[in-house]
Amino acid sequence: MPLKSTWRCPSNIALVKYWGKKEGGVQLPANPSISLTLSDLYAQTSITLVHGNVSGQPAFSFLLDGQRKPGFEPKILAFLQRIWNDLQVVREYHLHIESVNNFPHGTGIASSAAGFGALALCICDLEEQITGVKFENLQQKASELARLGSGSACRSLFSGAAVWGETPVVQGASDLYAVPFDKPIAEPLNDLMDAVLIVDDEEKQVSSTQGHALLKGNVYAPARYAAAQENMQRISDALNKGSIRSFIAIVESEALQLHAMMMASSQYYILMRPNTLAIIEKIWKFRENTGLPVMFTLDAGANVHLLFPKMYNAEVVNFIETDLLAYCKNRQYLCSSTGNGPEKQNE
Ligand code: PMV
């Protein structure tokens with residue numbers, strides 16, 4: 001029987017955003033970030049070691065939902081090249097990778113965080129199996145590897161909230177890997193939901209890789225990095241005290257700062273669409289009218305993430321279905337709890 005490892009790894013949504021890389025390293029963040037793990041949106045990935053590899057370079061095959069997707073292969077190859085020196089399993093075997101996402105294609109949801117998280121876990125697991133040596137901290141090692149595939153992926157390895165990037169706010173925080181947020185999270189922030197409102201499912205005109213690079217030469221970048229450092233302190237306090245008003249102000253401002261950086265780049269661009277803004281306005285109105293603590297955040301795309309404490313699930317689902325679905329492509333939205341991290345699957 002060939003050796004095989006299968007892991008399920010969730011996606012994550014950043015509250016304080018990673019946007020911009022440090023110079024002079026590989027995938028090091030210019031500022032710290034914090035995210036919530038989205039337990040219901042995940043990738044499940046298996047790697048099978050079918051045969052050896054003596055080619056002197058990474059060898060792999062990749063299937064997504066049972067089909068070859070050549071568009072993903074350059075990113076996987078670049079990832080395997082980065083970890084080549086570190087891992088025997090990559091040097092000695094052909095990796096047959098099969099991945100499925102539990103959320104539909106064509107929703108514009110970035111699957112790379114979940115995908116690289118799961119891939120890194122399978123690789124660590126197989127490395128342990130072939131060398132017979134256990135990693136001191138498998139999650140941390142997998143987080144470090146996942147970072148080399150897609151920066152934000154390194155935060156998907158932990159349940160609850162994860163922090164990536166040097167900051168005095170969280171003990172042990174590092175640019176190399178993410179760590180769990182180290183303070184208790186008070187109600188009602190300890191049980192947030194994320195409803196992802198699908199505004200656009202087209203491929204982005206400007207990829208995240210290009211977006212990060214455009215921070216170089218952006219005159220606002222130093223101020224943005226300083227704001228993110230400050231927001232880490234403020235969000236840590238808000239989470240710890242359960243201060244929802246302050247939490248909302250930081251989360252929404254972070255989302256808009258992310259998009260402001262795109263608009264202020266030398267090659268400026270806008271990823272929000274008219275329906276993104278319409279939904280944001282509806283959320284603000286709903287919050288004003290009902291007093292319920294709902295808020296939005298954005299990724300590098302047009303979709304809106306509507307965050308809210310689980311206790312208001314019924315009211316918020318009703319709000320989405322009556323007021324927001326008209327702005328969603330094909331009336332699509334996906335709802336996830338926050339919480340659980342990756343899980344190893346039985347073969
Ligand atoms: O991980 P990347 O390189 O795809 O960067 C994505 C960064 C954002 O999703 C926009 C923000 C974040 O911190 O996740």
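One-based numbering, in listed order, for ligands and for the atoms of each.
- For atom 1 (O) of ligand 1, the nearest non-hydrogen atom from the set Ser207, Cys154, Gly165, Ser152 belongs to Ser152.
- Distances below 4.0 Å separate heavy atoms of Ala14 from the following atoms of ligand 1: 12 (C), 13 (O), 14 (O).
- For the 3.5 Å distance criterion, the side chains of Tyr177 and Gln139 fail to qualify, holding no donor opposite an acceptor.
- Arg155 counts as a contact of ligand 1, since one of its heavy atoms falls under 4.0 Å from the ligand.
- Screening Thr45, Asp125, Ile47, Leu119 against Trp7 for a side chain to side chain contact (heavy atoms under 4.5 Å, CB included) leaves a single residue, Asp125.
- If you check which protein heavy atom lies closest to atom 3 (O) of ligand 1, you get His212 NE2, 3.0 Å.
- Using a cutoff of 4.0 Å between basic side-chain nitrogens and carboxylate oxygens, Arg287 and Glu252 are scored as salt-bridged.
- Inspection of the Asp194 and Ser336 side chains reveals no N or O donor paired with an N or O acceptor under 3.5 Å.
- Taking only nitrogen or oxygen atoms, main chain and side chain alike, Trp19 does not reach within less than 3.5 Å of ligand 1.
- Of all atoms in ligand 1, listed by their number and element, those nearer than 4.0 Å to a heavy atom of Ala300 are 10 (C).
- On a distance-only criterion, Ser112 and ligand 1 share no N/O pair closer than 3.5 Å.
- Of the protein's heavy atoms, Asp299 OD1, 3.0 Å lies nearest to atom 9 (O) of ligand 1.
- Using the six-membered ring where Trp is involved, Phe79 and Phe116 have ring planes that are perpendicular, over 60° apart on the 30 and 60° scheme.
- What sits closest to atom 7 (C) of ligand 1 on the protein, heavy atoms only, is Tyr18 O, 3.4 Å.
- The nearest pair of heavy atoms linking His259 to Ala300 is NE2-CA, 4.5 Å.
- Ring pair His94/His51 is tilted by interplanar angle, where 30° to 60° counts as tilted.
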